[in-house]
Structure formats: structure tokens, C-alpha cells
2 protein chains.
Amino acid sequence: MPLHDQLRAVALDEFASAGYAATSLQRIADLAGTSKASVLYHFSSKEQLLAEIVDPVLDDLERLLIDDEGGSVLRRADFVERFVDLLLTHSQVVPLVINQGATLDDVPVMHRATELMRRVAELFRLASGSTIEKLRFGVAFGGVAYTLAAAERLGLNGEIPIDEVRTALLEILHDLLVPADTPVA
Amino acid sequence: MPLHDQLRAVALDEFASAGYAATSLQRIADLAGTSKASVLYHFSSKEQLLAEIVDPVLDDLERLLIDDEGGSVLRRADFVERFVDLLLTHSQVVPLVINQGATLDDVPVMHRATELMRRVAELFRLASGSTIEKLRFGVAFGGVAYTLAAAERLGLNGEIPIDEVRTALLEILHDLLVPADTPVA
DNA sequence: CAGAGGGCTGGCCGATCGGTCAGTAGCGTT
DNA sequence: AACGCTACTGACCGATCGGCCAGCCCTCTG
């Protein structure tokens, strides 16, 4: 693997587990077996290293939003399914954005993440819904992200097959976001 | 308000919104209109300032766990209700622990928080349950915490009366944690 | 062989961090 | 007046941070 990619992978591990602020460029360099200066050779700054990690995921999310808004063809259940797949695909980046987004809102890429999450919320038209509908969105979205982030820390997950996780999350999210008494399309 | 209490309040605001690592003692001092040295006069270290904020909340949680384990008298629904009240009472500390607990596991008070959360998980016997039951716990607990933390950031909540929030959260958590096909006691 | 350029590094910089310490201002007691 | 105690402060410390830079090594090209 090229050093550039390896540095990105190592940085993602550390940003997700120890936090962006608590992860020094020196530590990233040590874990990758190189020097701090070489990290700053591959990435012009620590912020840009974070951006190169997070931006592709936000691109995926934005694409999903555009697909949906473009034709409003997607039924809510379909959106939820694609959304879960996106979360599972980027299971390390999701908690990074969720847990540290508020802390790092001065970093441009995290501000973009917040804006996209707001658009997801508006998509479900929960900003104008009832209190419980608003809270259902918050619990569902934050709950899935938190589960992906902290389940291991609490020793809650063994080696659960990802297919099983996917199915279970879909069922839970479906229960929360597509209540039986709500029109789906 | 005594300066000691004011410093604790200011620090909690900053720890919860900007993060523990990103909040300097100097900033806490500035916001309270005093000097950094006086902060370290009232609290022997930054870690102890965090501990004085978090420990009382963990004491409450531990008390709830002891009440439950002692007689196993509490029905699951009762536990959920007391649990939600605890989260609402300490709505600033909860996201602090949830979002930054993993990052700060080297800080003793945060390690204690992780242990208590593990006990809550075990209480629901979800460690030995099916995949979807494990995930339901994660989604429920993390979801409520995330909602309390980030709803404002996404502009999802206006001035919702706390009673309404309490009722809604109870309903959502009840749906997630006390499924219809599960024996309650 | 000469030179150009990409990959990489050690050493350094200013800034900021948490924390220490000597010292002081105010105040009630003797 | 002299004391002791609490509250508080400015100056300073070593460590660490992100970032910069001159220069080295290697390979490819002419």
C-alpha cells in the first residue's frame, strides 16, 4: 500500500478511537513507521488529512441526497436502506463525524458534515413534525452511529456477521423512521 | 454563586460543547472572569475539574443500578423511566460522557463511566441476547444521548417543553427496549 | 556522467498547553 | 499591631503541539 494511503488509514483509526485533537501528527507518523515531516509532505496540514478522510464519505451522502431530491422517487424505506448501507460502508468515519462534529465545527469539512446531516433531517420533514417525530429521527440516526462507534468498547458485540447487523439495523430504523401509521411515499 | 461553582458550570458548558481536550484552563478562567491560576487553586488539576463534574452524575447512575440489582424489584419499564429522568436531569453531562468517553478512557472518571454503562447493558441482559436485541440497546441508549447533544446543533428542536420531550423519549425507549413479545419482569 | 525531481528527514520555530510557586491583598482574631 | 488563614495572581517552567525549511538520498532521463 502506498504510504499516502497507509497514512490515511492510520489517521482514521486514531481519529476515530482517540479523537482528532488528541491524535498528534507525530503519533500518526510513528504508527506508520515514518516521520512527522513526511506526513506533512503527503498532506499539507492536519486539517487536510482529516478532509481527505471525511470528504469522500460526505460525497457519497450528498449523492444519496441528490438522488432522492432529484425525483423524489425514492420511497422512505429505500432511502433508509441505502442510508444504512452508507453507514456500514464507512463505519469508522460515521462515529468520527457524529461524536466529534460539534467539537470541530470550525474545521470546514466538519461544517460541511453538519450541513449534510441537517439536509437528511429536513428530508424526513421532521423539522416540522411533532415532537416525537423529531426525537425519533435523532434517536435513530444518533443511535445507529453510537452503536457502530461504542458497541465494541462496551463489549456488546462479538464477531457478528455484517449481514446480520445490516438486517437488524434496518429493522430497528424501519420501526423508528417508518412508523406503521405514517404514509410511506 | 461561589466562584468554585461558577467555574464548574462554565467548564461543563465548554467541555460539552467544545470538548474536554479543546477547552483550555485559560479559556475557562476567561469566561469566569478570573485567572488560570485561580482555577488551579479551586481544582488541583484539569482532570479533577472534570471528575467533580461527572462523578455526581455517575453516583446517581450507580444508585439506580444498586436499587435495581438489590431486589430486582424494578420492572424494566420502571427502570427505563428512572433512566430517562436521569438523562434529562443531567442533559449536559450525558453527551459529554457519551461522545468523549472513548476518547478519554485514560482519565479515571471516564473509565468509571464506561464501566457503569457496561453494567447498564448487562442489566438488560443484552450481552447474551440476539443480535437485534444488542443493537436495540445501542441504538436506544446512544440515540437518546445523541439527541440530547446534537438536536440543537442541527436546528431540530425549538423550545420544546421538557415534559413533552420526556414523554416522547419514554415512548421511543419503551418501543425499543421493552418489545411487545418480551416478558417485562 | 550530470542534472533534475520526487520522496523523505532532522532540526528548528512560535504558540499553547497543564501545572508550580512565591508572593500579596483582604479580613477576622488575639 | 501582629498574626494566620483564605482567596487569588503574575511570572515562569517543561512538554508538546502543528508547521516550516534546508538539505539528503535515490532513481530516472539526457
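What you are looking at is a predicted structure, and each value in this text was computed from that prediction instead of being measured. Letters A, B, ... are given to chains in the order of the sequence lines, protein chains preceding strands, and every chain is numbered from 1.
- Both tests pass for B:K46 against the ring of B:Y20: distance under 6.0 Å to the centre and angle within 45° of the axis.
- Nucleotide C:dT9 holds its C1' atom 14 Å from the CG atom of A:D30, rounded to whole Å.
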Dot-bracket notation for DNA chain D, counting Watson-Crick and G-U pairs under 3.5 Å, with | for partners on another strand: ||||||||||||||||||||||||||||||
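- Counting non-hydrogen atoms of neighbouring residues, nucleotides and ligands closer than 6.0 angstrom, the NE2 atom of B:H111 reaches no more than 12 such neighbours.
- The shortest distance between the side-chain N/O atoms of B:T34 and the OP1/OP2 oxygens of D:dT9 is below 4.0 Å.
- Counting non-hydrogen atoms of other residues, nucleotides and ligands closer than 6.0 Å to CZ of B:R27 gives a total of 12 or fewer.
- Residue B:S38 places no side-chain N or O under 4.0 Å from the OP1 or OP2 atom of D:dA7.
- Between the side chains of A:E52 and A:H42, not a single donor N or O lies within less than 3.5 Å of an accepting N or O.
- A close approach under 4.0 Å does occur between a side-chain nitrogen or oxygen of B:Y41 and OP1 or OP2 of D:dA7.
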Would you please test A:T89 and A:V57 for side chain to side chain contact (heavy atoms under 4.5 Å, CB included) and show each step? CA-CA 9 Å; A:T89 303; A:V57 180; over 6 Å; no
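- Contact annotation: the side chain of A:E81 never approaches that of A:H174 to less than 4.5 Å [non-hydrogen atoms, C-beta and beyond].
- The side chain of B:H42 contributes an N or O atom lying less than 4.0 Å from OP1 or OP2 of D:dC8.
- With rounding to whole Å, A:Q48 atom CD is found 14 Å from D:dG18 atom C1'.
- Phosphate contact (OP1/OP2 of C:dG7, side-chain N/O of A:H4, threshold under 4.0 Å): absent.
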Quick one: what's the B/S/- string for nucleotides 15-28 of chain C, heavy-atom cutoff under 4.0 Å, read 5' to 3'? --SBBB--------
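- Of the charged side-chain nitrogens involved, none lies within less than 4.0 Å of a carboxylate oxygen, so that A:R136 and A:D175 do not count as a salt-bridged pair.
- Side-chain atoms of A:E14 never come within 3.5 Å of backbone atoms of A:L31 as a donor-acceptor pair (strictly under, hydrogens ignored).
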